[in-house]
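First comes the structure, then the notes that go with it.
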Amino acid sequence: MEAAKKYGKQYFMPPVDCYDWVKKDTIDKAPIWCSVDLRDGNQALIEPMSLEQKLIFFKLLVDIGFKEIEVGFPAASDTEYQFMRALIERNMIPSDVTVQVLTQAREHIIKKTFEAVKGAPHAIIHLYNSTSVAQREQVFKKSKEEVKKIAVDGAKLLLDLANETDGNFSFEYSPESFPGTEVDYALEVCNAVLDVWQPTKENKAIINIPTTVQIAMPHVFASQVEYFDKNLKYREGVNISIHPHNDRGCGISDAELGVLAGADRVEGTLFGNGERTGNVDIVTLAMNMITHGVESGLDFSNIMSIRNTYEELTGMKVHERTPYAGDLVFTAFSGSHQDAISKGMAYREQGLSGEKWTVPYLPIDPKDLGREYESDVIRINSQSGKGGVAFILKQNYGLTVPMPMREEVGYLVKGVSDERHAELSPQDIYDIFKEHYLSYRKRFDVTESHYTQEGEDGIFTRVTVNDNGEVKKISGEGNGRLDAVSNAFKDYFKVDYTLKVYEEHAVSIGSHSQAASYVGIEHDGKMFWGVGINQDIIKSSVAALVSAVNKIL
């Protein structure tokens, strides 16, 4: 395949080196977030949202904490226009939220836009025109000066109409198709627009740098942003905004490096919806900041509810591997991963990890997103291991399987998964555990037992067993109740074994009054395991022994 011969570098480096951003290792404060779900995201849907759907989505964005929301392109359609009017006339815009509308640098479109925003408590009018070499040569067939004049004339009309229209307005300008524009020329156009608006620290304008079609590596974009940061006029009166698309799959990288390079503001969408491969995913950006210990200002603590609303309104689906919100992003099927997570969680529960979250394979605590360990973190299939199965039994049923027993349980469970060619639910795992350890009675069961003291250390027991349908009375002596029952079994069934492991604990899920007992006995060099659960610790330990001895028999 020789397709690469068709392509080549179409982007431009700044005229001087701009690499100060390389010296920074993290973003230390959140940018200004602007959601463009209702404009850029909406126009990319197969079926754009209705007016009422957009109103619901707007409320969702407000609840998440967005203070700037691009609500549409009012001149593009009647729905877009009516949506803007509905927000104003129904008084739905909170006092701390600014709406934003998009307009091309064309007179009739700008005028229609101002009709739509009349009476807005605060609105950003977002002006744009394309500046790239390809657009200048192939689409507009205009010179650099002519393209710059389009931007300047649009900026002047915004200023005039803002003074004539009821409402409170700010301005934003985007050199659209920036990635294919000479960086110094894009700066020249932006500075010309700013000369019209004369922004100040108290009355800021926004210069937005869009990766309309992502064509360069992220470090190139960072250097371009830094060039703007260092050379833009009225810098104290300007918020540099970035609007990364995702054509190369580098939207997150562009955004993070762009902020390192001096951007004050990021425009993006929930879950990366947008034209072609989408916009930058603000959920991922915000949660990435959280994992570095920096508050994002956005609330994704109920991420699955947000995702469900988003999917219902847009008809889009969030992929299983989408960071933070995908069904499988916290899930470990691998046995080694599960073992490390399980041990890391136990380490944390013991208070040994301090305040910082350091659990292996989990960069963030799923609970901070409203997700559950039980359903999200460890799931079991044929690739899973002993640690994962033990974790499921512990988290869902309060059963702490002894370490020597875990390997057998793990192989048993994943063997069933392999045979079924299916993932096993926590209930499936418990059912397997119950069948093989809690209620294993292939030969006999104990229906009754009584104990009497024999001297200072001895215990005598009388046990009633149902042996293949026949009721038998047997007896035994030992240094404790379980030992006495064990000796009764050995004598009656003519079997020899050694009690190697005995552990017990209170069951932490469900009834607080129950106890779980685990018995491991060795016979002919092989371990046999049984488990019992009962309100009475003696009954639970005898039940565990019954399961184990049944396996020998």
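All residue numbers refer to positions in the sequence shown, counting from 1.
Two residues are said to be in side-chain contact when any heavy atoms from C-beta on lie closer than 4.5 Å; L369 and R371 meet this criterion. In this structure, L60 and D37 have side chains that are not in contact, with every pair of non-hydrogen atoms separated by 4.5 Å or more. Residues L482 and L545 meet the side-chain proximity criterion, which asks for heavy atoms closer than 4.5 Å.
Between the side chains of N279 and D40, at least one donor N or O lies within less than 3.5 Å of an accepting N or O. Side-chain atoms of Y324 and T322 include no donor-acceptor pair closer than 3.5 Å. Side chain to side chain, N466 and E470 fail the donor-acceptor criterion of an N or O pair below 3.5 Å. N487 and E477 share no side-chain donor-acceptor pair at under 3.5 Å. Remark: the H450 side chain and the E448 side chain contain an N/O donor-acceptor pair separated by less than 3.5 Å. Residues K473 and T464 have side chains that bring a donor and an acceptor to within less than 3.5 angstrom of each other. Side-chain contact, S486 with Y497: a donor N or O sits under 3.5 Å from an acceptor N or O. With hydrogens and angles left out, the side-chain atoms of H292 and T26 include a donor and acceptor closer than 3.5 Å. Under 3.5 Å, the side chains of S517 and S540 contain a donor-acceptor pair of N or O atoms. When only modelled atom types and interatomic distance are considered, Y19 and H219 share no side-chain donor-acceptor pair under 3.5 Å. Side-chain contact check for D428 and S425: at least one donor-acceptor pair (N or O, by modelled atom type) lies under 3.5 Å. Judged purely by distance below 3.5 Å, without hydrogens or angles, the side chains of D254 and Q214 pair a donor atom with an acceptor atom. Side-chain atoms of E408 and Y437 include a donor-acceptor pair closer than 3.5 Å. Checked by atom type, the side-chain pair R441/S547 shows a donor-acceptor distance below 3.5 Å. For the residue pair Q100 and E68, no side-chain donor N or O sits within less than 3.5 Å of a side-chain acceptor on the partner. Of the N and O atoms on the side chains of E504 and Y502, at least one donor lies less than 3.5 Å from an acceptor on the other residue.
Between the side chain of K490 and the backbone N or O of V485, no donor-acceptor pair lies under 3.5 Å. Here the side chain of N42 pairs no donor or acceptor atom with the backbone of P48 at under 3.5 angstrom. A side-chain donor-acceptor contact under 3.5 Å links Q53 to the backbone of S50. Side chain of S253 to backbone of P218: no donor-acceptor contact under 3.5 angstrom is found. Under a 3.5 Å cut-off, the side chain of K356 and the backbone N or O of S353 do not form any donor-acceptor pair. Side-chain atoms of H523 do not come within 3.5 Å of backbone N or O of T498 as any donor-acceptor pair. Judged purely by atom type and a 3.5 angstrom limit, S296 uses its side chain to pair as donor or acceptor with the backbone of L298.
Counting all heavy atoms, side chain and backbone alike, I341 lies closest to A332 at CD1-CB, 3.8 Å. Minimum interatomic distance between L38 and E70 (heavy atoms only, all atoms of both residues): CB-O, 3.6 Å.
Checked against the 6.0 Å centroid threshold, H319 and F271 do not count as a close aromatic pair.
Few gaps surround CD on Q427; more than 12 heavy atoms of other groups in view lie less than 6.0 Å from it. Dense packing is recorded around CD of Q453, with more than 12 heavy atoms of other residues, nucleotides or ligands lying under 6.0 Å away. Atom NZ of K24 has more than 12 heavy atoms from other residues, nucleotides or ligands within 6.0 Å. More than 12 heavy atoms of other shown residues, nucleotides or ligands fall within 6.0 angstrom of atom CG in L352. No more than 12 heavy-atom neighbours from other residues, nucleotides or ligands sit within 6.0 angstrom of NZ on K500. No more than 12 heavy atoms of other residues, nucleotides or ligands shown are found within 6.0 angstrom of CE on M217. The environment of K551 atom NZ is dense: over 12 non-hydrogen atoms of other residues, nucleotides or ligands sit within 6.0 angstrom. No more than 12 heavy atoms of other residues, nucleotides or ligands shown are found within 6.0 angstrom of CZ on R462.
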*Mind running salt bridge (charged side-chain N to carboxylate O under 4.0 Å, His left out) on D327 and R307 for me, showing each step along the way?*
CA-CA 11 Å; D327 285 338; R307 191 189 102 173; 3.0 Å; yes
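Between Y310 and F57, the ring-plane angle classifies as perpendicular under the 30° and 60° cut-offs. Classification of the F444-F493 ring pair by plane angle, with boundaries at 30° and 60°, yields tilted.
Note that CZ of F433 is 10.5 Å distant from OG of S439, once rounded to the nearest 0.5 Å.
At least one cation-pi condition fails for K472 and Y492: the charged atom is not both under 6.0 angstrom from the six-membered ring centre and inside a 45 degree cone around its axis.
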